[in-house]
Amino acid sequence: MKDVAVIEDPAAAEASLDPIRVRLLAELAEPNSATMLAAKVGLPRQKVNYHLKTLERHGLVELVEERRKGNVNERVMRATAASFVISPAALASVAPDPSRAPDRLSARWLLALAAQLVRDVGTLITGASQARKKLATFAVDAQVRFASAADRAAFAEELSAAVAALVSKYHDESAEGGREHRLILAVHPTVPRTVSPQPDEES
């Protein structure tokens, strides 16, 4: 089972968004049969089987084993990944295009860049998996608390200058056999995490 799988096919994306199938995918982090799942989700086994066949057809679940149980063969299934991300490629005709209105201070442009990142990395992951090769990537995730808006603006300017210097230093347009890489940096307010109330707290 993969840690994360990217859904690029529109039909697979549609299949994965059904609430019942989302629940089944979550339950199938561990191998389960339709009978076992039916008891867990409170649905008839035949209905669970229908949803499992749909998920299997789109590569979202896979057969782990078949075992004889009474007069029937019981199929034990498992999700093909622990988590799934739907790529903007699944909505190609309405996917955001960051080249349409570049503006480094626009939150919507940042969102368009993020969508492009998901699409491109998803495509690369799929290709690397099919070729059975590792994908060379690098990411940094950090949190910074600014004392003021002026400090935030100064940070952005210094970051831009530092990145421009590094790109100028390492970019080689004429490098034979060189490979282009995309660099995306983003600064946005931290989204507060929802804290569940403790048993002794009022809800």
Chemist: Can you tell if the side chain of Leu91 reaches within under 4.5 Å of the side chain of Val94, non-hydrogen atoms only?
Modeler: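 Yes; the side chains approach each other to less than 4.5 Å.
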Chemist: Between Phe84 and Ser16, is any pair of side-chain heavy atoms under 4.5 Å apart?
Modeler: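 The answer is no; the side chains never approach within 4.5 Å.
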Chemist: List for me each residue that meets ring-ring contact (aromatic ring centres under 6.0 Å, His included) alongside Tyr50, sequence neighbours excluded, and say none if there are none.
Modeler: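 Per chain and number, Tyr50 pairs via ring-ring contact (aromatic ring centres under 6.0 Å, His included) with no residue.
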Chemist: Between Thr54 and Arg21, is any pair of side-chain heavy atoms under 4.5 Å apart?
Modeler: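 Answer yes - side chains close enough.
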Chemist: If you measure from the Lys or Arg side-chain nitrogens to the Asp or Glu carboxylate oxygens, is any gap between Glu62 and Arg57 under 4.0 Å?
Modeler: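 Here Glu62 does not pair with Arg57 in a salt bridge, since their nearest N and O are not under 4.0 Å apart.
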Chemist: Val85 versus Val118: any side-chain heavy-atom pair under 4.5 Å?
Modeler: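 Yes; the side chains approach each other to less than 4.5 Å.
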Chemist: Can you give me the closest heavy-atom contact between Leu110 and Ala186, atom names plus distance?
Modeler: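 Looking at all heavy atoms of both residues, the closest pair is CD1-CB, 3.4 Å.
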Chemist: Do the charged groups of Glu65 and Arg78 touch, with an N to O distance under 4.0 Å?
Modeler: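 Salt bridge: no.
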Chemist: Would you call Glu180 and Arg182 a salt bridge, using N to O less than 4.0 angstrom?
Modeler: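 No, this pair does not count.
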Chemist: With the side chain counted from C-beta on, respond yes when Ile125 and Ser129 share a heavy-atom pair under 4.5 Å apart, and no when they do not.
Modeler: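 Sidechains of Ser129 and Ile125: in contact.
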Chemist: Suppose the criterion is ring pair (Phe, Tyr, Trp, His ring centres under 6.0 Å): which pairs have a residue in residues 127-168, not counting sequence neighbours?
Modeler: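 Every pair satisfying ring pair (Phe, Tyr, Trp, His ring centres under 6.0 Å) with a residue in residues 127-168: Phe146-Phe155.
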Chemist: Do Gln143 and Thr190 come within less than 4.5 Å of each other through their side chains, counting heavy atoms only?
Modeler: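 Yes, close enough: below the 4.5 Å cut-off.
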Chemist: Do Glu173 and His171 pair up side chain to side chain, a donor and an acceptor below 3.5 Å, judged on atom types alone?
Modeler: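 The criterion, which ignores hydrogens and geometry beyond distance, is satisfied for His171 and Glu173.
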Chemist: Considering only heavy atoms from C-beta outward, does the side chain of Leu24 approach that of Leu37 to under 4.5 Å?
Modeler: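 In short, these two side chains touch, coming nearer than 4.5 Å.
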